[in-house]
Amino acid sequence: MSHRSLQDVLDGADSTVDLLRNSQLGAYVYPVVPTEFSNWRTEQKAWREAAVLFDQSHHMDNLFITGPDALKLISDTAINSVANFEVNKAKQYVPTTPSGHVIGDGIMFRLAEEEFVYVGRSPAANWLLYHAETGGYNVEVEVDRRSPSHPMGRPVSRRYYRFQIQGPNAWKVIEKLHGGPSSS
């Protein structure tokens, strides 16, 4: 079987929608991570009334974009405005095709003036990666892919791990772990 580019697949298809509907990839399975709650109701109650810790390390890609054209790349590929996108802020990133079709979405973090990280599913990460490589942008890109759904007994490691604490008592928990008051 010869390997074809994405463009070859799209050019040979009757319909892009049919390609997506008949994808052989299967369901989007959360990789590696076993269920960590007793049931859905207790989890919902905990994040509404107390605090919960979510391990979000395995199910999303991280795409790091650095360089003088990083903000231009993000602006050129998304429907979102970047006019007020300050350092140490995050916003939803929604990439679209030139004709306005949505590719996906995720969260874009601005870490420094020319340093960003996209966190989300692979289609949007791939869209950014493709345009970074082919669009003439002065950027460097590094990809940290999500963990495999079926590691087949092999160890799973990520370059970055992400945890989220959420709920009305989240800040109390953070301060207790910190050993006292902490600035936000």
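Nothing here was measured: the structure is a model prediction, and the numbers come from that model. Quick note: numbers below take in every heavy atom, side chains included, and nothing from hydrogens, waters or symmetry partners.
Residue Glu140 places its CD atom among 12 or fewer non-hydrogen atoms of other residues, nucleotides or ligands, all under 6.0 Å distant. More than 12 heavy atoms of other residues, nucleotides or ligands shown are found within 6.0 angstrom of CZ on Arg145. The number of heavy-atom neighbours closer than 6.0 Å to CG of Asn84, taken from other residues, nucleotides and ligands shown, is 12 or below. By the 6.0 Å contact criterion, CG on Asp14 is open, its count of non-hydrogen atoms from other residues, nucleotides or ligands being 12 or less.
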Begin with the C-alpha distance, continue with both residues' side-chain angles, and end with the deciding distance and a verdict on side-chain contact (heavy atoms from CB on, under 4.5 Å) for Leu19 and Leu10. CA-CA 8 Å; Leu19 284 174; Leu10 293 172; 4.0 Å; yes
Can you list the steps and then say if Arg110 with Val87 is a side-chain contact (heavy atoms from CB on, under 4.5 Å)? CA-CA 5 Å; Arg110 189 167 194 176; Val87 172; 4.3 Å; yes
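Although no hydrogens or angles enter the test, the distance criterion places no donor-acceptor pair under 3.5 Å between the side chain of Asp105 and the main chain of Gln92. A donor-acceptor pair under 3.5 Å is absent between the side-chain atoms of Ser75 and the main chain of Leu71, judged by distance alone. With hydrogens and angles disregarded, no donor-acceptor distance shorter than 3.5 Å links the side chain of Asn138 to the backbone of Gly67. Side-chain N or O atoms of Lys91 include one that pairs as donor or acceptor with a backbone N or O of Ser81 at under 3.5 Å.
The two residues Pro181 and Glu175 make their nearest non-hydrogen contact at CA-OE2, 3.5 Å. Considering all non-hydrogen atoms of both residues, Ser182 and His178 come closest at CB-ND1, 3.9 Å. Closest heavy-atom contact between Ala70 and Val139: N-CG1, 3.4 Å. Scanning both residues, Asp61 and Arg121, for their nearest heavy atoms gives OD2-C, 4.5 Å. The minimum heavy-atom distance between Pro95 and Gly104, with the atom names listed, is CD-O, 3.2 Å.
Under the 4.5 Å side-chain heavy-atom criterion for Ile, Leu, Val, Met, Phe, Trp and Tyr, Tyr137 and Ile65 are members of the same hydrophobic cluster. Note on Met60: it does not cluster hydrophobically with Val94, by side-chain heavy-atom contacts below 4.5 Å among ILVMFWY residues. By the criterion of side-chain heavy atoms lying less than 4.5 angstrom apart, applied directly or through intervening Ile, Leu, Val, Met, Phe, Trp or Tyr residues, Phe116 is grouped together with Val141 in one hydrophobic cluster. Linking Ile, Leu, Val, Met, Phe, Trp and Tyr whenever their side-chain heavy atoms come within less than 4.5 Å leaves Val17 and Val9 in two separate clusters. Cluster membership check: Val82 shares its hydrophobic cluster with Ile103, using side-chain heavy-atom separations under 4.5 Å among Ile, Leu, Val, Met, Phe, Trp and Tyr.
In this structure, CG on Leu129 lies 9.5 Å from OG1 on Thr134, to the nearest 0.5 angstrom. Atom CD of residue Glu114 and atom OG1 of residue Thr66 lie 8.5 Å apart, to the nearest 0.5 angstrom. Arg48 CZ to Gln166 CD: the interatomic distance, rounded to the nearest 0.5 Å, is 11.5 Å. Atom OG1 of Thr42 is separated from atom CH2 of Trp47 by 13.0 Å, given to the nearest 0.5 angstrom.
Two residues are said to be in side-chain contact when any heavy atoms from C-beta on lie closer than 4.5 Å; Leu73 and His131 meet this criterion. Using a 4.5 Å cut-off on side-chain heavy atoms (C-beta onward), Trp127 and Thr96 make no contact. Counting heavy atoms from C-beta outward, Phe85 and Asn80 have side chains that stay 4.5 Å or more apart. At least one side-chain heavy atom of Thr77 sits under 4.5 Å from a side-chain heavy atom of Leu128.
Taking the six-membered ring where the residue is Trp, Tyr160 and Phe64 present tilted rings, their angle falling between 30° and 60°.
Of the residues Leu63, Asn62, Ile107, Ile74, the one that meets the side-chain contact (heavy atoms from CB on, under 4.5 Å) test with Tyr118 is Leu63.
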